[in-house]
A.B. asks: 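Below is a structure I'd like to ask you about.
Just so we're on the same page: letters track the sequence lines, and every chain starts at 1. Scope of the values below: all heavy atoms of this structure, side chains included, with no hydrogens, waters or symmetry mates.
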Amino acid sequence: MHSVQDDDFVSRVLGIVQTIPPGRVMTYGDVAAALGSRAARAVGQVMARYGSDMPWWRVVRAGGHPPIKYEDRALKHYNTEGTPLVTRTGTTAYRVDYAAVRWFPA
DNA sequence: GTCGTGACAGTAG
DNA sequence: ACTACTGCCACGA
């Protein structure tokens, strides 16, 4: 029978994002890989359009950085959820402790 | 069916 | 650390 999230790429991406537990993160590439695709960019597009209603901050780039235009907002969420961050003194940007919080859907 | 776009990834300088 | 270029895939016009 048909699962709800098998309809389109969009629904599947959203489904994956919602499975990411608090304090954990996944890269765009990993989300795409979880779908069996390499469309990391397409995942970003979906988030930009439909991510408004979901924990988009739990999806980060390969380097561990959140979306470039939303780093401020993401930081607030990380701080709230207790997501381990790695900061370098003298650098403006931070990154999540990717190795420690990396999550892959079961 | 073609073109342009993008909350990306990886490599090179 | 940074920017620049290329490759990749899905979507809208």
A.B. asks: Ring of A:Tyr28 versus six-membered ring of B:dA7: centres under 5.5 Å and planes under 30°?
C.D. replies: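 No, A:Tyr28 does not stack on the base of B:dA7.
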A.B. asks: Between C:dA10 atom P and A:Tyr50 atom OH, what is the distance in whole Å?
C.D. replies: 16 Å
A.B. asks: When rounded to the nearest 0.5 angstrom, what is the spacing between OH in A:Tyr70 and NZ in A:Lys76?
C.D. replies: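 So the OH of A:Tyr70 and the NZ of A:Lys76 are separated by 13.5 Å.
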A.B. asks: Assign A:Ala42 to base, sugar-phosphate, or nothing according to its heavy-atom contacts below 4.0 angstrom with the strands shown.
C.D. replies: base
A.B. asks: With a 4.5 Å limit on heavy-atom distance, are the side chains of A:Ile16 and A:Asp30 in contact?
C.D. replies: no
A.B. asks: What's the spacing between A:Met26 CE and A:Thr19 OG1 if we round to 0.5 Å?
C.D. replies: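 Going from the CE atom of A:Met26 to the OG1 atom of A:Thr19 covers 6.5 Å.
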A.B. asks: Under 4.5 Å between any side-chain heavy atoms of A:Trp56 and A:Arg73, yes or no?
C.D. replies: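 Counting from C-beta outward, A:Trp56 and A:Arg73 do come under 4.5 Å.
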A.B. asks: B:dA7, B:dC8, C:dC11: which one has an atom nearest the side-chain heavy atoms of A:Ala40?
C.D. replies: B:dC8
A.B. asks: Rounded to whole Å, how long is the line connecting atom CG of A:Leu14 with atom P of C:dC11?
C.D. replies: 12 Å
A.B. asks: Taking only side-chain N and O atoms of A:Ser37, does any of them lie within less than 4.0 angstrom of OP1 or OP2 on C:dC8?
C.D. replies: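 Indeed not, no polar side-chain atom of A:Ser37 lies that close.
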A.B. asks: Give the rounded distance in Å between these two atoms: CZ of A:Phe9 and P of B:dC8.
C.D. replies: 13 Å
A.B. asks: Side chain of A:Ala62: nearest nucleotide among B:dG10, B:dG6, B:dA7?
C.D. replies: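 Nearest to the side chain of A:Ala62 among the choices is B:dG10.
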A.B. asks: Separation of A:Asp72 atom CG from B:dA7 atom P, in whole Å?
C.D. replies: 17 Å
A.B. asks: What is the distance, to the nearest angstrom, from the CZ atom on A:Arg12 to the P atom on C:dC9?
C.D. replies: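 Those two atoms, CZ and P, are 15 Å apart.
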A.B. asks: Can you confirm whether A:Phe9 sits close enough to A:Val43 that some side-chain heavy atom of one is under 4.5 Å from a side-chain heavy atom of the other?
C.D. replies: yes
A.B. asks: To the nearest Å, how far apart are A:Ile16 CD1 and C:dA10 C1'?
C.D. replies: 16 Å
A.B. asks: Any side-chain N or O of A:Arg41 less than 4.0 Å from the OP1 or OP2 oxygen of C:dC8?
C.D. replies: no
A.B. asks: Between A:Gln45 and A:Asp30, name the one whose nearest nucleotide on DNA chain B is closer to the 5' end.
C.D. replies: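 The residue closer to the strand's 5' end, by nearest nucleotide, is A:Gln45.
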A.B. asks: Can you tell which of B:dA7, C:dC9, C:dC11 lies closest to the side chain of A:Val10?
C.D. replies: C:dC11
A.B. asks: Answer with base, sugar-phosphate or nothing: what part of the nucleic acid does A:Ala48 contact at a heavy-atom distance below 4.0 Å?
C.D. replies: base
A.B. asks: On DNA chain C, does the nearest nucleotide to A:Ala93 precede the nearest nucleotide to A:Arg49 from the 5' side, or the other way round? Give the residue.
C.D. replies: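 It is A:Ala93, whose closest nucleotide lies nearer the 5' terminus.
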A.B. asks: For A:Arg95 and C:dC2, what is the distance between atoms CZ and C1' respectively, to the nearest whole Å?
C.D. replies: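 Taking atom C1' of C:dC2 as the reference, CZ of A:Arg95 is at 16 Å.
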